[in-house]
Engineer: 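Dropping a structure here in structure tokens format, bear with me for questions.
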Amino acid sequence: MGCASYGKEGFVMKKHLFYLLLALVMIWCITGGCQQEEEISALHKEVPALAEVYQDFFPVGAAVNSWTIESHKDLIEKHFNSLTAENEMKFESIQRSPGKYTFERADAIVELAEKNGMLVRGHTLVWHSQTPAWVFKDEKGRPASRELLLKRMEEHITTVVSRYRGRVYAWDVVNEAVTDGGGPGYLRTDSPWYRIIGPDYIAQAFIFAHRADPGAKLFYNDYSAVDPAKSDRIYRLLKDLLEQGVPVHGVGIQGHWDISYPSANQVEAAIRKYASLGLEVQITELDISVFPWSDRGHLRAAPKNRLRTQAQRYRELFEVFRRNKDVVTGVTFWGVADDRTWKDNFPVRGRKDWPLVFDEEHQPKAAFWEIVNF
Ligand code: GLA
């Protein structure tokens, strides 16, 4: 049946339907619906940009990946002025097999940053994890010699750092080289870099990176870096490096924290301790889990009280960062919004977590408002 066959009856019915709909809309407006809509859209317009709020303090960054630079583009472009590649600059992403460098994914992140006038932190050059097994073996599959591994390290660092010279302003040169305790020394001995090259692999990595881009800021980056015992060990490492004249400029405190750990005082004490060596300090991988470390339970939705506590934790930590802006030269979140976070699989695989300041719908959470209203 075509429109033409509607006839007069059809027209009258359509008119009635129109008036009915109009009446419904008017009732909805009178009862506050319109106003609510207006309030919601006004709220959206008033969401301040994080990086702008912090422009007198430090750059605010996010770790992004090949998916989120599309799916979270609006948030990234609005709120952040520094980007870190979540995985795309790691050894296994850039040189999966010997001599075959693949830069496309890393390039896309750097290009997005440049298009928006953002900084880029390079992450990471030398790490015991996410490095292919071939790196530590010779052509016959036997453990690589110190000379071979040093040569590979130099080649990799030189190729990657030179490619981004003047575009990546800071590098996490060595990641997680300090032990969690137990052994006699302060270095992690289960790293193949350590086992094959020896303790000077760290100094060598910084020297190669500095040669490739003398203008880049070079960081040592680690987790549990505000834990008093581990921060003593990190401090010793950094002091040794500085005394040897190694070009290290800063320390990255990863900041994978939760609603009950660590205290703001502990964070501040660690910042001041590292700063006493004359180093810059950056928070490089910030997220605050709604689960205390020992809690291995699951939750279907984020409970209001935990989100409240999380917001307070974010507030007190950002108070510390702001107070120490003389040495804190960057704060980077490890992710953009709660719909995509590594915490969904760590420390419990497949457990939903909500550790960031934007929710799963990309809306600002209580934590966001706590760090922008001060
Ligand atoms: C460490 C690394 C990061 C990342 C996180 C987990 O902190 O430094 O590159 O792998 O773990 O996502």
Side-chain angles (χ1 to χ4, degrees), residues 61-69 72 82-96 105-106 109-110 120-132 135 156-157 160 164 168 170-180 187-188 190-194 202 205-206 209 217-227 230-231 233-234 237 248 250-258 261-262 267 270 281-291 293 317 330-356:
V64 299
N65 60 45
S66 302
W67 295 272
T68 56
I69 56 172
H72 294 59
S82 175
L83 299 185
T84 303
E86 195 173 347
N87 290 300
E88 290 73 359
M89 288 191 184
K90 290 175 179 169
F91 208 125
E92 68 172 11
S93 307
I94 283 196
Q95 199 189 168
R96 180 168 282 283
R105 287 167 178 235
I109 292 170
V110 175
V120 181
R121 297 193 82 259
H123 175 82
T124 177
L125 297 167
V126 174
W127 189 22
H128 60 275
S129 184
Q130 293 189 261
T131 303
V135 176
H156 182 83
I157 291 180
V160 178
Y164 296 115
V168 165
W171 278 100
D172 290 331
V173 177
V174 176
N175 204 30
E176 303 178 353
V178 167
T179 177
D180 291 327
L187 292 184
R188 171 194 289 279
D190 61 357
S191 161
W193 296 105
Y194 176 91
I202 301 171
F206 278 93
K217 290 184 179 186
L218 305 183
F219 281 75
Y220 172 74
N221 191 50
D222 214 331
Y223 64 89
S224 297
V226 303
D227 168 77
K230 188 155 175 186
S231 68
R233 292 191 284 273
I234 296 174
L237 164 68
V248 49
V251 53
I253 293 175
Q254 289 186 359
H256 296 296
W257 294 325
D258 67 55
Y261 173 88
V267 173
V281 181
Q282 297 198 353
I283 312 301
T284 52
E285 306 183 20
L286 181 60
D287 45 25
I288 299 183
S289 171
V290 302
F291 297 96
W293 181 251
L317 290 169
V331 175
T332 290
F333 291 88
W334 203 247
V336 182
D338 283 347
D339 57 325
R340 230 187 148 110
T341 160
W342 78 294
K343 293 298 295 176
D344 287 351
N345 287 303
F346 187 85
V348 180
R349 243 198 129 62
R351 175 181 73 176
K352 183 72 203 126
D353 200 342
W354 299 269
L356 296 162

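Counting convention: from 1, in listed order, for ligands and their atoms alike. For clarity, every value in this text was computed on a predicted model and none was experimentally measured.
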Engineer: Checking Gln282 against Asn221 for the side-chain hydrogen bond (donor to acceptor under 3.5 Å, both in side chains) test, could you report, in this order, the C-alpha distance in whole Å, the side-chain angles of both residues, the deciding distance, and whether it holds?
Structural biologist: CA-CA 9 Å; Gln282 297 198 353; Asn221 191 50; over 6 Å; no
Engineer: Nearest 0.5 Å, please: how far is OH in Tyr261 from CD1 in Ile288?
Structural biologist: 12.5 Å
Engineer: Taking Trp334 for its side chain and His256 for its backbone only, find out whether a donor-acceptor pair lies under 3.5 Å.
Structural biologist: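 A pair under 3.5 Å: no.
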Engineer: The test is side-chain hydrogen bond (donor to acceptor under 3.5 Å, both in side chains); show your working for Glu88 and Asn65 and say whether it passes.
Structural biologist: CA-CA 7 Å; Glu88 290 73 359; Asn65 60 45; 5.4 Å; no
Engineer: Show me, by chain and number, every protein residue that has a heavy-atom distance under 4.0 Å to ligand 1.
Structural biologist: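 Protein residues near ligand 1 are Lys90, His123, Trp127, Gln130, Asn175, Glu176, Gln254, His256, Glu285, Trp334, Trp342.
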Engineer: Closest heavy-atom contact between Pro355 and Thr341?
Structural biologist: CG-OG1, 3.4 Å
Engineer: Can you check whether Trp293's main-chain N or O pairs, donor with acceptor, with Asp258's side chain at less than 3.5 Å?
Structural biologist: yes
